[in-house]
**Q** 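I am attaching a structure below and will ask some questions about it afterwards.
All chains are named by letter (A, B, ...) in the order of the sequence lines, taking the proteins before the strands, and each is independently numbered beginning at 1. These values consider heavy atoms only, across backbone and side chains, with no hydrogens, waters or symmetry-generated copies.
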Number of protein chains: 2
Amino acid sequence: MGLRERKKERTRLALIDAALALFLDKGYEATTIDQIAGAVEVSPRTFFRYFASKEEVALAPPADGLEHFLAELSERPDDEPPFAAMANAMRSVIQVLREGDAEEARRFVQSRAVIDAEPALFAASHSLLVEQEQRLVAEVARRQGADPERDLLPLFVTGVFGLLTRMGFEHCFPAGVEDLTRMAVRLEEAIALAERSLCPGWDLGRVPQVS
Amino acid sequence: MGLRERKKERTRLALIDAALALFLDKGYEATTIDQIAGAVEVSPRTFFRYFASKEEVALAPPADGLEHFLAELSERPDDEPPFAAMANAMRSVIQVLREGDAEEARRFVQSRAVIDAEPALFAASHSLLVEQEQRLVAEVARRQGADPERDLLPLFVTGVFGLLTRMGFEHCFPAGVEDLTRMAVRLEEAIALAERSLCPGWDLGRVPQVS
DNA sequence: GAGATTATGTCAGTCAATGACAGATGACAA
DNA sequence: TTGTCATCTGTCATTGACTGACATAATCTC
């Protein structure tokens with residue numbers, strides 16, 4: 001990896017860190033792009049070359065997490081049912097976050113704290129999920145051998161799992177990296193609730209009828 | 001109702017109609033507040049006294065629909081299980097839309113068309129749902145006699161139903177009022193899918209275990 | 001080290017959104 | 001009808017997010 005790429009990555013992370021620190025300190029609305037750029041000693045114009053909007057920098061860590069999730073999901077064995085594959089992929093993501101780079105985990109937790117505190121970001125985080133939803137739907141449909149356009153099932157399965165991640169991650173008001181554990185516990189509770197509410201085979205469209 | 005109130009309501013509807021027409025014609029981003037205000041012959045400042053943002057005017061019809069839904073839900077009998085109560089409340093809302101004021105139905109359909117065409121509005125429509133979600137969760141929790149803070153079930157039930165409405169209303173690219181029928185059909189399909197996927201009694205936390 | 005790429009800074013500009021104040025309009029009582 | 005009050009509206013000024021254009025500076029390739 002060349003110097004140019006390393007420098008870009010360093011600037012990107014510096015912008016995220018500066019933004020999160022300012023958001024936590026003075027609040028999201030009260031922080032301006034000029035201040036974020038100034039803290040990293042970069043022009044405001046450059047900020048927008050890294051992030052398309054003020055929201056995007058705040059949501060960058062969860063957005064990265066979502067990418068990791070998609071990558072993990074595509075690596076799950078094909079014969080694993082869709083819902084179990086998503087649950088296991090999410091467990092992998094969390095584990096990597098807990099055992100990997102501590103800075104990355106801190107960014108994720110801080111980002112969640114900022115999002116929980118700011119309604120505008122809370123809303124934006126959902127937009128993020130929904131924007132990427134079609135990629136998940138496509139992967140789920142592939143596993144089911146379904147047509148994502150015609151069949152409602154892939155969208156349903158994806159939507160239910162998205163709901164569970166929301167139940168796990170949102171409204172945690174996290175303060176430190178230890179809250180990652182709390183999120184993991186809540187996620188497992190949500191998954192367990194879903195598993196006892198849904199009929200076996202529901203995510204494959206093969207529900208045994210009680211005739 | 002006094003003249004002042006009637007005038008306000010007329011201006012509000014005129015702003016919505018002008019905005020929807022412009023959005024459909026030139027696109028959401030390409031339309032400015034000045035143009036919307038100009039079409040109704042009010043000052044831009046007045047626009048913001050009716051709607052807090054450009055998004056809000058586009059989302060006004062679905063937002064009104066959500067209010068109707070909450071009203072219908074609170075009027076469902078208490079002994080009706082939460083999920084059935086929500087499904088029936090939604091059916092009522094759609095029926096009122098189809099049999100009531102044709103202008104109101106047209107606004108709803110046009111609004112959905114604009115939302116489907118504009119990613120920013122699509123995202124914002126989700127924010128709308130999530131903002132109001134807690135009110136739904138509270139109502140569901142009341143019906144279950146659950147604590148909405150501790151118990152995950154009310155959030156789960158509300159979230160699943162929210163998912164179904166999304167499946168019914170989104171990506172319809174509606175062109176006319178007749179599309180209301182299409183939405184209703186899709187919603188029923190989604191509800192049917194949920195009902196055969198979920199165990200009886202799931203929304204009351206009383207799932208018969210297969211021991 | 002020369003030349004091609006790519007990143008950055010500067011500048012000007014658009015547009016959404018807000019606060020402050022003054023004037024206009026409908027509500028209401030005498 | 002008229003005067004008074006509350007409320008609605010227009011005008012003005014301002015902030016801050018975001019974008020396009022162009023010049024400069026850094027890095028990469030050979």
Side-chain angles (χ1 to χ4, degrees), chain A residues 1-16 18-20 22-23 25-60 114-115 118-121 123-125 127-128 131, chain B residues 1-16 18-20 22-23 25-60 63 114-115 118-125 127-128 131:
Chain A
M1 194 155 84
L3 169 61
R4 186 174 271 168
E5 269 181 281
R6 268 180 289 139
K7 215 169 176 179
K8 277 200 77 170
E9 185 60 15
R10 218 182 323 135
T11 304
R12 183 184 130 89
L13 293 179
L15 283 171
I16 294 175
L20 290 178
L22 284 166
F23 292 162
D25 182 31
K26 336 182 355 176
Y28 175 74
E29 295 286 351
T31 303
T32 67
I33 303 289
D34 285 25
Q35 293 166 347
I36 301 172
V40 187
E41 294 185 305
V42 172
S43 77
R45 191 66 183 86
T46 294
F47 173 90
F48 285 108
R49 291 199 176 95
Y50 282 84
F51 304 97
S53 67
K54 191 173 161 185
E55 283 174 355
E56 200 173 291
V57 68
L59 298 179
V114 173
I115 292 168
E118 187 64 39
L121 288 178
S125 73
S127 313
L128 180 67
E131 275 165 31
Chain B
M1 192 153 87
L3 170 59
R4 186 172 269 169
E5 268 182 283
R6 267 180 289 139
K7 214 169 177 179
K8 277 199 77 171
E9 185 60 15
R10 217 180 327 131
T11 304
R12 182 184 132 90
L13 293 178
L15 283 170
I16 295 176
L20 290 178
L22 284 166
F23 293 161
D25 183 32
K26 335 182 356 176
Y28 175 73
E29 295 286 352
T31 303
T32 66
I33 303 290
D34 284 25
Q35 293 166 347
I36 301 171
V40 188
E41 295 184 306
V42 288
S43 77
R45 190 65 183 88
T46 294
F47 174 91
F48 285 107
R49 293 200 174 96
Y50 282 85
F51 303 98
S53 68
K54 191 173 162 185
E55 283 173 355
E56 200 172 290
V57 68
L59 298 179
V114 173
I115 292 168
E118 187 63 40
L121 288 178
F122 194 73
S125 74
S127 313
L128 180 67
E131 275 165 33

**Q** Are any side-chain N or O atoms of B:Q35 and backbone N or O atoms of B:T32, one a donor and one an acceptor, separated by less than 3.5 Å?
**A** yes
**Q** With nearest nucleotides of DNA chain C determined for B:S53 and B:M1 from heavy-atom distances, which residue corresponds to the more 5′ nucleotide?
**A** B:S53
**Q** Base, sugar-phosphate, or nothing: which does A:S43 touch, judged by heavy atoms less than 4.0 Å apart?
**A**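 Base, at least one base atom sits under 4.0 Å.
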**Q** Look at the side chain of B:K8 and the backbone N and O of B:Y50, then say whether any donor-acceptor pair between them is shorter than 3.5 Å.
**A** no
**Q** Test side chain to side chain contact (heavy atoms under 4.5 Å, CB included) on B:F47 and B:V40; report intermediate values, then the result.
**A** CA-CA 10 Å; B:F47 174 91; B:V40 188; over 6 Å; no
**Q** Once you round it to whole Å, what is the distance between P of C:dC11 and CZ of A:F48?
**A** 18 Å
**Q** Nearest-Å distance, NZ (B:K7) to C1' (C:dA27)?
**A**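 The distance from NZ of B:K7 to C1' of C:dA27 comes to 13 Å, rounded to the nearest Å.
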**Q** Less than 4.5 Å apart, any side-chain heavy atom of A:I33 and any of A:F48?
**A** yes
**Q** I need the CD-P distance between A:E5 and C:dT5, as an integer number of Å.
**A** 17 Å
**Q** Under the criterion side chain to side chain contact (heavy atoms under 4.5 Å, CB included), I'd like the reasoning laid out for B:R4 against B:K7: C-alpha separation, chi angles, the key distance, then a yes or no.
**A** CA-CA 5 Å; B:R4 186 172 269 169; B:K7 214 169 177 179; 5.7 Å; no
**Q** Please produce a list of atom pairs where a protein N or O lies less than 3.5 Å from an N or O of nucleotides 19-22 of chain C.
**A**
unit_1 : atom_1 : unit_2 : atom_2 : d
C:dG19 : N7     : B:R45  : NE     : 3.4
C:dG19 : N7     : B:R45  : NH2    : 3.0
C:dG19 : O6     : B:R45  : NE     : 2.9

**Q** To the nearest angstrom, how far is A:E41 atom CD from C:dA7 atom P?
**A** 21 Å
**Q** What is the distance, to the nearest angstrom, from the CD atom on B:E55 to the P atom on C:dC15?
**A**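 Whole-Å distance recorded here is 18 Å.
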**Q** On a heavy-atom basis, which atom in B:A60 and which in B:F51 lie closest, and how many Å separate them?
**A** CB-CE2, 4.1 Å
**Q** I need the CG-P distance between B:L3 and C:dG26, as an integer number of Å.
**A** 6 Å
**Q** Out of C:dG9, C:dA16, C:dA7, which has the shortest distance to the side chain of B:K54?
**A**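 Per side-chain heavy atoms of B:K54, the pick is C:dA16.
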**Q** Rounding to an integer number of Å, can you tell me how far A:R10 CZ sits from C:dT8 P?
**A** 11 Å
**Q** Under 3.5 Å, is there a donor-acceptor pair between the side chain of A:Y28 and the main chain of A:P119?
**A** no
**Q** NA contact type, A:Y50, heavy-atom cut-off 4.0 Å: base, sugar-phosphate, or nothing?
**A** sugar-phosphate
**Q** 5' to 3' on DNA chain D, which nucleotides open and close the contacts with chain B (atom under 4.0 Å from a heavy atom)?
**A**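 First-to-last contact on DNA chain D, by the 4.0 Å heavy-atom rule, is D:dA6 to D:dT11.
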**Q** B:D34 has an atom CG; how far is it from atom P of C:dA16, in whole Å?
**A**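 That distance rounds to 7 Å.
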**Q** Which pair of non-hydrogen atoms, one from A:T31 and one from A:I36, has the smallest distance, and what is that distance?
**A** CG2-CG1, 3.8 Å
**Q** Taking any heavy-atom pair under 4.0 Å as a contact, classify A:F47: base, sugar-phosphate, or nothing.
**A**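 Here A:F47 touches no strand at all.
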**Q** Go through B:R45 and B:R49 one step at a time and tell me if the side chain to side chain contact (heavy atoms under 4.5 Å, CB included) criterion holds.
**A** CA-CA 7 Å; B:R45 190 65 183 88; B:R49 293 200 174 96; 3.7 Å; yes
